[in-house]
Trainee: 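The structure is given below, and queries will be raised subsequently.
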Amino acid sequence: MSWVEIVQIWLVAFVTLSLFSFLYKDNPFYRLVEHIFAGLSAGYYVGLIYHSVILQTMIDPMFRNGEWWLIFPGILGALMFSRFSKNYGWISRISLAFVMGNTAGIFLLSELHGKVLPQVGATMRSLNPQHQADGWTGVLLSLLIVVGVVSTLIYFYFSKEHKGVLGGVAKVGIWFIMISFGAHFGYTVMARISLLIGRVQFLIFDFGNSIKELFG
Amino acid sequence: MRTIVPVIIAFLSGMVMILAFFFDPEKSILGELEQNVLSWVTIVGGFTLLLGVVSIFRVNLIAVKRRHDGWGYKLVTLISILAMAIPAIIPSKLSPLFGTGTDSIYDWLFNYLDAPMMATMFAMLAFYISSAAFRAFRARNTEATLLLIAATLVMLWRVPMGEIALAYIHPDLPQAINTYIMGGINMAVQRGIIIGAALGAAAMSLRILLGIERTYLGK
Amino acid sequence: MLEVLKIVAYTILICIPAAVLLYLTFKTDDRRYLFIAVAFYVVFPVVVTISFPTSLSPESITLYEAVDALPDSSTVLLTFDYYASTLAETEPMSRAALHHLFKKDCRVLTVTTIPLGGPTISERVTRDLAEEYDKVYGLDFVNLGYKANYVAVLKGMGSSISAIYPADNSGTPLSEIPMMADIKNYDDIDFIYVVADNGIVEYWISIVQSQYQAQVGCGVTAVMAPKIYAYVSSGQMTGLLGGMKGAAEYEKMVGHPGSATQGMGAQSMAHLFIIVSVISGNLMFFIDRKRGRKRKLS
Amino acid sequence: MTFVVILLYKGVIIPQRQLFRFLIIIIGLILLAAPILSADSLDVATDSVQDVAGQIITDSVETTTSTEEVAEDSGWGYRTERNNALFLMVLFSVVILVYTRWAKQGKELFLRKINGLDEVEEAVGRATEMGRPVLFVPGLQELDEIETIAAISILGRVARITARYDTPLMVPVRYPLVLAAGQEVVQQAYIEEGKPDAYNVDMVRYVAGEQFAFTATVNGYMMRERPATNIFMGAFFAESLLLAETGNAAGSIQIAGTAQPSQLPFFIAACDYTLMGEELYAASAYLSREPLLLGGLKGQDFIKILLIAAILIGVLIVSLDIEAIAELYKSLFVSV
C-alpha cells in the first residue's frame with residue numbers, strides 16, 4: 001500500500017466513523033461531515049451539468065456540426081434562472097412547462113400502455129387445472145393472483161361503502177395487502193442491513209489492513 | 001399571458017409525444033420532431049438541476065453573511081461546493097487534475113468523500129430499524145400481526161442461514177415462500193397497486209397536458 | 001446434519017448477547033445497547049468469515065440464463081441507475097454482470113440516469129473490470145454517462161442514441177467511437193441489464209420494453225424487489241436479482257464470489273437478531289398489557 | 001366516437017373556455033389524425049384492433065412484416081397495432097374530464113368515508129381528555145408534492161377539532177411554502193370554529209431544512225412534551241422509523257398516512273392506524289371536495305371497475321377454453 005492509498009483510506013474511515021458517532025449522540029464531527037456532504041453533492045451537479053449537458057449536448061454540436069438551433073433550448077434553460085427575480089419570475093414557467101408537458105405526454109401513454117394494459121392482461125390466468133402444468137397447485141397460484149389483484153383494486157375503490165360483498169372482498173384485500181407489506185418489510189430490513197455490511201466490510205478489510213500495514 | 005403561454009407550451013410539447021407514439025417515426029416528420037424535442041428537454045432539464053445548486057448556494061451565503069446560528073457550518077458547505085465545482089469546470093487540457101476525468105480532483109472528492117458519506121448515512125438506518133423492531137413494531141391488531149408474520153418468514157427465507165432452517169422444517173418450504181408469498185400474494189397486491197398508481201399518474205399527466213393542473217407553475 | 005449443528009451453535013451464540021443487550025435496553029430504555037448488538041452481529045460474522053452455501057432463486061436463474069443465451073459478442077446495455085448510498089447492494093451486481101458479459105465477449109454500453117455520482121461510479125466499475133479482462137475502451141465497452149431528465153433520455157434513445165448522447169462521458173463524439181458505428185437505437189441492442197435502486201427500473205419497462213420490445217432484465221435493491229415481481233410475472237421483465245442476496249446468487253452463477261457472497265453470513269446473523277427483537281418486543285408488550293389489565297381489575 | 005360527440009353536444013362538457021378548447025383539440029387531433037393519416041377511419045381502426053393485435057400474438061415473427069404492410073398503405077405509417085392504447089387513452093381522458101367537470105359544477109359525487117378519518121377524530125379527542133398536545137407532521141416534501149397538499153387538507157380538519165376542544169396543536173414543517181400554507185389552513189380552521197383568539201402563529205413552526213436535523217428536533221419535542229396524539233401525514237422517507245419509534249416510546253397514539261411504499265410497512269407496524277397510498281389522497285379529496293382531486297379519483301374508480309370486469313371476463317374466457325375468443329381477447333391487452 002502506498003502512502004497515498006493509506007491517506008485515502010484513513011480519510012474515508014474518518015468520515016465513516018464521524019457519521020456513525022451520531023448514534024452515540026449529536027456532535028460537532030457529525031455536523032461538520034454533514035455540511036461537507038451537502039456542499040460536495042451540490043458541487044458535483046455543477047461539474048456534471050457543465051460537461052454532460054452544456055458542453056457535450058449543446059456547445060460542442062453547435063460548433064462542430066453547426067447545429068446552431070441548439071441555442072434555443074440553451075436560452076430556455078437559462079430562462080429558468082429568472083425564478084430568482086421577483087418581477088420576471090413567471091418567465092421561468094415557460095421552460096418548466098416545456099419539460100413538464102413533455103414528461104406528461106410520455107407518461108400519459110407509457111403508464112396506460114406500458115403498465116395498465118400488460119398488467120391487466122397478465123392477470124387473466126386460467127383457473128382450469130387442465131391448462132396448468134402442475135394441475136391444482138397451479139390453479140391455487142392463479143386463484144391467489146386473480147383474487148389478490150381484484151381485491152386490492154377493490155380495497156382502493158372509494159365510490160361505494162365497503163359493505164356486503166364489496167366489504168368482504170375489501171377485507172380479503174386488506175389481508176393480502178398486509179402480507180405483501182410484510183414481504184416488503186422483510187426486504188427493506190435486508191436492504192438496510194446490507195448497507196451497514198458494506199461499511200463494515202470497508203472498515204474491517206480496507207481500514208483494518210491499512211492499520212496492519214502501518215503498525216506491523 | 002403569464003399562465004396561458006406556459007400552458008400552451010406544455011400542451012404542444014406533450015402532444016408531440018402523444019402523436020409520435022401512434023406513428024412510425026421513419027415515415028413522417030413526427031419522428032424527427034420527437035427526437036429534437038427530446039434532446040431539447042434533456043438540455044433544459046439540466047438547467048433545472050443547476051437551479052437547485054444556485055438556491056442552496058444562496059441560502060447558505062445569506063446565512064453566513066447575516067451570521068445566523070451555526071454559520072460556520074454553512075461556510076463549510078459553501079467552501080465544499082466551490083471545491084467541487086471550480087476544478088471541475090477548468091478544462092482538463094491544462095492538467096488531468098481538472099475536469100471530471102478519472103484522475104481529477106472532482107473524481108477524487110466524490111470517490112473518497114461524497115460516496116462514503118452517502119453510503120454511511122444510509123447504513124445508519126440499520127441501527128434504527130433494529131431498535132424500532134424491538135420497541136415499536138407491535139402485533140396490535142390482525143393486520144399488523146399478518147404483516148409481522150409475513151415479514152418474519154421473508155426475513156428468514158432471504159438469508160442462507162434462515163433458508164436452511166426453513167428447509168429443515170419442510171424441504172419445500174423455502175420454494176413455497178417464493179412461489180406463493182412473493183410470486184403469488186405479494187405479486188398480486190403489487191400489481192393492484194401498480195395499476196392504481198399508473199391510473200393516478202396518467203390522470204395527473206392528462207391534467208398537466210390540458211393545463212387544468214397548474215400547481216407546478218406555482219399556482 | 002453438520003449445517004444444522006452449525007445453525008444450533010450460532011443460534012445459541014446469537015441468543016446470549018442478544019438476551020443481555022435486549023434486557024439492558026428494556027431496563028434502561030436506552031437504545032444504544034441495541035446499537036451495540038447490531039454492530040456485534042454485523043461485525044462478528046465479517047471478521048470470522050462465517051459463510052453458508054447460497055441457494056439460487058428461479059428469478060435469478062432466469063436472468064442468468066437469458067444473458068447466457070445471448071450469442072457471443074452481442075451488444076448489451078448495462079445501466080448504473082443507483083446512488084452511492086446503495087453501493088453495498090448494487091455494485092456487486094454490476095461487477096458480477098460485467099464478469100459475465102466480458103467473459104462472453106459482449107460489447108457493453110453503459111448509461112446512468114443518476115445525476116449524483118452515476119457517471120463516476122460507472123467509469124470506476126467498468127474500467128476496473130475491463131482491465132481484468134483486457135478490454136479496450138471504444139471497442140469493447142463505452143460509457144455514455146448521464147443526461148438530464150431520464151424520461152426523455154429513455155424515450156429518446158429509442159429513435160437515436162446519438163441524438164441524446166452526442167458524445168460519451170468523457171466528451172468524445174460518438175461518431176469517433178468505432179463500437180458505436182452500428183449501434184443506432186434499441187433495435188441494435190440485444191439485452192438491457194438494469195441495475196437500479198429506485199423507481200427508474202419501472203420506466204425501463206413501461207417506456208423501453210413496452211414501446212421498443214427490448215428485452216430487459218434487472219438487479220435491484222431489496223427495497224424495490226417486491227414490486228418488480230409483478231413485472232417478472234407479466235413477462236415484461238426477464239429475471240430479477242433482489243438485494244444483496246440476489247447479487248450473491250449471481251456471483252455464484254458467474255463463479256466470482258465477491259462482497260455480496262461474503263456479506264451473507266452477517267446478513268443471516270443480523271436478520272435472526274432482528275427477528276428475535278421483534279418477537280421479544282412483542283412478548284413484553286403482551287405481558288405488560290396483561291399485567292395492566294390485572295391491575296385495572298384489582 | 002359517437003359517445004364523445006354526444007357528450008360534447010349534450011353539454012356535459014360545458015364550454016368553460018380553456019378546458020373546452022383543449023378538450024376539442026386533443027380529442028379532435030387524435031380522432032382526425034388516425035383516419036386522415038392512415039386512410040383508415042377510427043371506427044374501422046378500433047374494430048381491426050382485434051385482427052391486427054391477434055395476428056401479432058399468434059405469429060410474433062411476422063409482426064414486423066404485418067406492421068410494414070399497414071404502414072405502406074398510409075403515408076405517415078399509423079400504427080394500427082397500438083389502437084388498444086389509443087382506445088384506452090381516449091376513454092380514460094373522457095372519463096376523467098367528465099368527472100372533473102361534474103365535480104366543478106358541484107354535482108353530488110359520492111365518496112365513501114375513509115376509516116382513518118374517524119380514528120383521527122377519536123385520537124384528537126383522547127388528547128383533549130388527557131390535556132396534552134396533538135402533534136401533526138405534514139411530511140418532509142415541498143408543497144408541490146400531492147402528498148403534501150393532501151396532508152395540508154387533513155391538517156385543516158385536525159385544526160378544526162383542536163380548535164373546538166381547545167387542545168394545543170403543534171405542526172413542525174420543513175419548507176417555507178408548507179409553513180405559509182399550514183399557517184393559513186390552521187388560522188382558517190380556528191376562525192371557522194369561532195375561536196380566532198385561540199390561534200397562535202407558533203402552532204405551525206419552521207423547524208429545520210435538513211432531513212435528520214428536522215427529525216431530531218421533532219423527536220426532541222415528542223420526548224419533552226409527550227403529545228397524546230401524533231399524526232404523520234404526507235411524504236416520509238427514512239425518518240419514518242425514527243419518528244414512529246420515538247412516538248411509541250413517548251406513549252402517544254399514532255396515526256400515519258403516506259404513499260411512499262417503502263415506508264408504509266413501518267408505519268403500519270408502529271402506528272395505531274395508517275392511511276395507505278391512495279387512501280391518503282381519497283381522505284384529502286373527501287375533506288376538501290377539491291374538484292381536481294375529486295374528479296380524478298372518481299374517474300380512476302370508474303376505470304378501475306372496468307378493468308376489474310375485464311380481468312374477470314378474461315379469466316372466465318381463458319378458463320372455459322373458449323379458444324376462438326381467448327387469443328383475441330388477450331391480445332387486446334398486449335402492449336406493442
Side-chain angles (χ1 to χ4, degrees), chain A residues 8 12 15-16 19 35-40 42-43 45-47 49-51 53 57 73 76-77 80 90 93-95 97-102 104-109 111-112 115-116 119 141 144-145 148-149 152-153 156 176-183 185-186 190 192-193 195-196 199, chain B residues 2 6 9-10 13-14 17-18 21 40-41 43-47 49-51 53 56 73 76-77 80-81 84-85 88-89 100 106 112 114 116-117 120 122-123 125-127 129 143 146-147 150-151 154-155 158 184-186 188-189 191-192 194-196 198 201-202 205-206 208-209 216-217:
Chain A
Q8 282 172 351
V12 175
V15 167
T16 308
L19 286 173
H35 283 84
I36 295 176
F37 171 63
L40 290 181
Y45 286 129
V46 178
I49 300 302
Y50 176 73
H51 284 278
V53 175
T57 325
L76 264 182
M80 284 271 187
W90 66 275
R93 290 182 192 166
I94 296 181
S95 331
F98 177 64
V99 176
M100 289 294 283
N102 185 271
I106 299 177
F107 268 2
L108 176 58
L109 278 161
E111 297 288 305
L112 296 176
K115 288 186 184 169
V116 175
Q119 291 294 321
L141 182 62
L144 272 184
I145 290 173
V149 175
T152 305
L153 284 172
F156 291 114
F176 272 64
I177 292 172
M178 285 305 148
I179 294 176
S180 168
F181 282 165
F185 184 112
M190 171 170 158
R192 304 301 187 221
I193 301 284
L195 303 187
L196 178 60
R199 296 323 292 158
Chain B
R2 294 182 176 194
I9 291 201
S13 107
M17 302 314 300
I18 290 186
F21 177 85
W40 285 30
V41 167
I43 295 175
V44 182
F47 284 88
L49 283 176
L50 286 185
L51 212 59
V53 181
I56 290 177
Y73 289 123
V76 172
T77 307
S80 313
I81 296 180
M84 196 81 169
I89 51 183
T100 57
Y106 180 82
Y112 293 99
D114 214 13
M117 283 177 193
T120 312
F122 276 78
L125 292 171
F127 292 100
I129 248 181
E143 282 89 27
L146 272 175
L147 187 144
V154 169
M155 271 192 269
R158 215 44 195 149
I185 297 176
N186 162 66
V189 170
R191 180 170 284 169
I194 287 172
I195 294 173
S205 304
L206 179 73
I208 289 176
L209 210 56
Y216 74 95
L217 295 175

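Just so it is clear, the values below take in all heavy atoms, side chains as well, and ignore hydrogens, waters and symmetry mates. To find a chain, count down the sequence lines: A is the first, B the second, and so on, and within it residues start at 1.
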Trainee: Which region of B:Y73, side chain (C-beta onward) or backbone (N, CA, C, O), has a non-hydrogen atom less than 4.5 Å from a non-hydrogen atom of chain A, or is it both or neither?
Mentor: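 Its backbone and side chain both get close to chain A.
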Trainee: Does any backbone or side-chain atom of A:V15 lie under 4.5 Å from a heavy atom of chain B? Answer side chain, backbone, both or neither.
Mentor: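 For A:V15, side-chain heavy atoms alone lie under 4.5 Å from chain B.
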Trainee: Heavy-atom pairs under 4.5 Å with chain A - which of B:G196, B:A85, B:S13 has more of them than the others?
Mentor: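 Max contact count across the listed options: B:S13.
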Trainee: Taking side chain as everything from C-beta outward and backbone as N, CA, C, O, which of these in A:T152 sits under 4.5 Å from a heavy atom of chain B? Side chain, backbone, both or neither.
Mentor: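 Side chain of A:T152 only, per the 4.5 Å heavy-atom cut-off to chain B.
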Trainee: Can you tell me which of A:T57, A:L109, A:I145 forms the most heavy-atom pairs within a distance under 4.5 Å of chain B?
Mentor: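 When all of A:T57, A:L109, A:I145 are compared, A:L109 has the most.
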Trainee: If I compare all heavy atoms of B:L50 with all of A:V46, which pair ends up nearest, and what's the gap?
Mentor: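 Reported closest heavy-atom pair: CD2-CA, 4.0 Å.
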Trainee: Measuring only between side-chain heavy atoms, which start at C-beta, is A:L196 closer than 4.5 Å to B:F127?
Mentor: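 Side chain of A:L196 against side chain of B:F127, heavy atoms only: contact under 4.5 Å found.
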Trainee: Determine the minimum heavy-atom distance between A:G148 and A:F176, stating which atoms define it.
Mentor: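 That would be CA-CD2, 3.6 Å.
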Trainee: Could you tell me which of B:L51, B:L146, B:T100 has the largest number of non-hydrogen atom pairs under 4.5 Å with chain A?
Mentor: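 Ranked by heavy-atom pairs under 4.5 Å with chain A, first place is B:L51.
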Trainee: In chain order, what residues pass the side chain to side chain donor-acceptor pair (under 3.5 Å) check against B:D114, with sequence neighbours excluded?
Mentor: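 If we apply the side chain to side chain donor-acceptor pair (under 3.5 Å) test to B:D114, skipping adjacent residues, the hits are A:S41.
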Trainee: Which value, rounded to the nearest 0.5 Å, describes the distance between A:L153 atom CG and B:I195 atom CD1?
Mentor: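 Atom-to-atom, A:L153:CG and B:I195:CD1 are 5.0 Å apart.
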Trainee: Which one wins on heavy-atom pair count under 4.5 Å against chain A: B:A198, B:G192, B:G45, B:A202?
Mentor: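 Between B:A198, B:G192, B:G45, B:A202, the count favours B:A198.
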Trainee: So which of A:V99, A:L195, A:I193, A:V116 has the biggest tally of heavy-atom pairs under 4.5 Å with chain B?
Mentor: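 Of the options given, most contacts go to A:L195.
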Trainee: Could you check which of A:M80, A:M100, A:Q8 has the highest count of heavy-atom pairs closer than 4.5 Å to chain B?
Mentor: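 Of A:M80, A:M100, A:Q8, A:Q8 has the most heavy-atom pairs under 4.5 Å with chain B.
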Trainee: With sequence neighbours excluded, what pairs up with B:E143 under the side chain to side chain donor-acceptor pair (under 3.5 Å) test?
Mentor: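 Side chain to side chain donor-acceptor pair (under 3.5 Å) check on B:E143 returns nothing, list empty.
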Trainee: Which atoms of B:V154 are under 4.5 Å from chain A, going by heavy atoms: the side chain, the backbone, both sets, or neither?
Mentor: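 Just its side chain gets close to chain A.
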Trainee: How close do A:H51 and B:I89 get, heavy atom to heavy atom, and via which atoms?
Mentor: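 Closest pair (atom of A:H51, atom of B:I89, distance): NE2-CA, 4.4 Å.
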Trainee: Relative to chain A, which segment of B:I43 carries a heavy atom at a distance below 4.5 Å: side chain, backbone, both, or neither?
Mentor: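 Both parts, backbone and side chain.
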Trainee: Determine yes or no for a side-chain-to-main-chain donor-acceptor pair under 3.5 angstrom, with A:S95 supplying the side chain and A:L76 the backbone.
Mentor: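 Checked: pair present.
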Trainee: I'd like to verify something: which residue of B:I56, B:I185, B:I194, B:L125 has the highest number of heavy-atom pairs under 4.5 Å with chain A?
Mentor: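 Among B:I56, B:I185, B:I194, B:L125, the one with the most close pairs to chain A is B:I185.
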Trainee: So for A:F98, is it side chain, backbone, both, or neither that comes closer than 4.5 Å to the heavy atoms of chain B?
Mentor: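 Answer is both: backbone and side chain atoms of A:F98 are under 4.5 Å from chain B.
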Trainee: Given the options A:F156, A:F181, A:F37, which has more heavy-atom pairs under 4.5 Å with chain B than any of the others?
Mentor: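 The residue among A:F156, A:F181, A:F37 with the greatest pair count is A:F37.
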Trainee: Write down the atom of A:A104, the atom of B:S205, and the distance for their closest heavy-atom approach.
Mentor: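 Scanning both residues, the minimum pair turns out to be O-CB, 3.3 Å.
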Trainee: Which answer fits A:I49, side chain, backbone, both or neither, if we ask what part of it has an atom under 4.5 Å from a heavy atom of chain B?
Mentor: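 Just its side chain gets close to chain B.
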Trainee: If you take all heavy atoms of B:V76 and A:I36, which pair is closest and at what distance?
Mentor: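 So the minimum-distance heavy-atom pair works out to CG1-CG1, 3.4 Å.
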Trainee: With a 4.5 angstrom heavy-atom cut-off, is it the side chain or the backbone of A:L112 that approaches chain B, or both, or neither?
Mentor: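 Answer is side chain: those atoms of A:L112 sit under 4.5 Å from chain B.
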Trainee: Of all of B:A188, B:G14, B:A88, which one pairs up most often with chain A through heavy atoms under 4.5 Å apart?
Mentor: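 Between B:A188, B:G14, B:A88, the count favours B:A188.
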Trainee: For the residue pair A:Y45 and B:M84, establish whether any side-chain heavy-atom pair is separated by less than 4.5 Å.
Mentor: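 No, every pair of side-chain atoms sits at 4.5 Å or beyond.
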Trainee: Which atoms form the tightest heavy-atom contact between B:L209 and B:A10, and what is the distance?
Mentor: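 Where B:L209 meets B:A10 most closely, the heavy atoms are CD1-O, 4.0 Å.
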Trainee: Side chain from CB out, backbone as N, CA, C, O: work out which of these in A:L40 comes under 4.5 Å of a heavy atom of chain B, or both, or neither.
Mentor: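 Both backbone and side chain of A:L40 come within 4.5 Å of chain B.
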Trainee: Pick one of side chain, backbone, both or neither for B:F122, based on which atoms fall under 4.5 Å of a heavy atom in chain A.
Mentor: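 Backbone plus side chain of B:F122, per the 4.5 Å heavy-atom cut-off to chain A.
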Trainee: Quick one: does A:L19's side chain get under 4.5 Å of B:M117's, heavy atoms only?
Mentor: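 Result yes, sub-4.5 Å side-chain heavy-atom pair found.
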Trainee: Side chain, backbone, both or neither: which part of A:M190 has a heavy atom under 4.5 Å from chain B?
Mentor: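 Contact with chain B: side chain only.
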Trainee: If you count heavy-atom pairs within less than 4.5 Å of chain B, which of A:V12, A:L141, A:N102 leads?
Mentor: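 Among the listed options, the one with the most contacts to chain B is A:N102.
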